[in-house]
Chemist: 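One structure, pasted below without further comment.
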Amino acid sequence: MSPSLRTLGRRAGVTCLVLVALLLAACERPPIDTVQRGARGTGMVQVYNPRTLAAQIPANQPPADAPAVPAVPGAPLAGAVYQNVKVLGDLDVGNFTRLMVAMTGWVAPEGGCNYCHSNDGNFASDAKYTKVVARRMLQMTQDINANWKSHVAETGVTCYTCHRGQPVPAQVWFTPPADKQAARMAGSSAGQNQPAPQVGLASLPGDALSPYLLQQQPIRVAGTTALPHGNRSSTKQAEHTYSLMMHMSASLGVNCTYCHNSRAFGEWSESTPPRQTAWHGIRMAQSLNTKYLEPLTDTFPIERRGVNGDVAKLNCATCHQGAYKPLYGAPMLKAHPELAGPLGEAMARAAAAGSPVTAAAPAPATPAPQKP
């Protein structure tokens, strides 16, 4: 064999090795765990990477809570003792103070009380925008716990569910900048082929959230019959739907069969119970974005807004952060019943009966792969 042929052979071999390495770069190395969630032969299996779970466990532990202050009939209420208490004014002073301390740890452990309150010690002042936002977020939390049990059940949420010790939750989103190519002769890419983390780095449209979690466009585009029969949904619309599904899958750390039966993805009667919970979660996210977050746009300084001047909004990942249940289902509301709604139901009952409300220390949360 001539030297030139040997050189060509070596180069071809190196090229093949590089191509193989590139093809396998996106694959996860074994071992991988699986959990069967449906009838055999239907592909109803959840796939879990134990290394990914191990990394997520520390980030999904519930915070320790101070014991609740025993409720005493006739105890002074926060609204009567402090000025400008527009939320939780019907809570007794002891438990109001306990919640304020907890919120500091949940949201601004480094900034402390002054992250929301005026530096001059005037706690009644609304000079800082963070206090105005925090008040509205308390109302949002109460709304979730009181009116969205179809999604959060009795587990509930607190500020920590989203914030995890940070002033701004790690998983928020803004509307993307306008496509500068849309009006040019070359046309627009429709936001595709620009890999975005929220759609699993796929070639799908990168903005899966504005159409569905803000504009409330129809998500289901698949027909229910063999022929179209009036279904005018296009492939482009279907790709946006898949983008949302990719976002939800990554946010919860699950694959499609967590909600869908792979034999008939669109059939509700063959889907798993979490699909109904997810349906309510989508509507909840839509409501919270439009009712609470968007109206706060002018309250936030410009440096806290997106490139389009919009406010940060929430999505599935904001609460879930890679876990099929936020904090692996730790009962967040149990220790803070005052967040169940205006004058929390459990706190009100305890105060009326003159009995204390106690909060047990939460046990470490661990992921329990869901089975049928």
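Index from 1, following the sequence.
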Chemist: What distance separates Thr235 OG1 from His240 NE2, expressed to the nearest 0.5 Å?
Modeler: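 Thr235 OG1 to His240 NE2: 13.0 Å, rounded to 0.5 Å.
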
Chemist: Using a strict cut-off of less than 4.0 Å between a Lys/Arg side-chain nitrogen and an Asp/Glu carboxylate oxygen, indicate whether Lys313 and Glu294 qualify as a salt bridge.
Modeler: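 Judged by the 4.0 Å cut-off on N to carboxylate O distance, Lys313 and Glu294 do not form a salt bridge.
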
Chemist: With respect to His260, which candidate in Arg275, Met44, Glu267 satisfies the side chain to side chain contact (heavy atoms under 4.5 Å, CB included) definition?
Modeler: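 Single pass found, and it is Arg275.
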
Chemist: ring-ring contact (aromatic ring centres under 6.0 Å, His included): which pairs involve residues 57-102, sequence neighbours left out?
Modeler: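 Checked against ring-ring contact (aromatic ring centres under 6.0 Å, His included) - neighbours excluded - the pairs reaching residues 57-102 are Tyr82-Phe96.
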
Chemist: Report the C-alpha distance between Ser271 and Asn261 in whole Å, list the side-chain angles of each, state the deciding distance to 0.1 Å, and finish with yes or no for side chain to side chain donor-acceptor pair (under 3.5 Å).
Modeler: CA-CA 5 Å; Ser271 299; Asn261 187 319; over 6 Å; no

Chemist: For Tyr328 and Gln61, run side chain to side chain donor-acceptor pair (under 3.5 Å): C-alpha distance rounded to whole Å, both residues' side-chain angles, the deciding distance at 0.1 Å, then the answer.
Modeler: CA-CA 8 Å; Tyr328 293 121; Gln61 294 301 310; over 6 Å; no

Chemist: When you check the side-chain N and O atoms of Lys128 and Asn114, is any donor under 3.5 Å from an acceptor?
Modeler: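 The criterion, which ignores hydrogens and geometry beyond distance, is not satisfied for Asn114 and Lys128.
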
Chemist: Would you mind reporting whether Asn289 and Asn315 have side-chain heavy atoms less than 4.5 Å apart?
Modeler: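 SC-SC contact between Asn315 and Asn289 ruled out.
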
Chemist: Donor-acceptor check, side chain of Gln286 to backbone of Tyr212, threshold 3.5 angstrom: yes or no?
Modeler: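 Side chain of Gln286 to backbone of Tyr212: a pair is present.
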
Chemist: Do we get Arg283 above Trp279's six-membered ring, with its NZ or CZ under 6.0 Å from the centre and within 45° of the axis?
Modeler: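 Positive - Arg283 is close enough to the ring of Trp279 and near enough to its axis.
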
Chemist: Would you check if the distance from the ring center of Trp106 to the ring center of His336 is below 6.0 Å?
Modeler: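 Yes, the ring of Trp106 comes within the 6.0 Å limit of the ring of His336, centre to centre.
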
Chemist: Side chain to side chain donor-acceptor pair (under 3.5 Å) for Ser210 and Gln215? Distances and angles first, verdict last.
Modeler: CA-CA 6 Å; Ser210 297; Gln215 301 165 11; 5.1 Å; no

Chemist: Going by side chain to side chain contact (heavy atoms under 4.5 Å, CB included), Arg135 matches just one of Val85, Leu88, Asn84. Which one?
Modeler: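 Of the listed options, the one satisfying the test is Asn84.
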
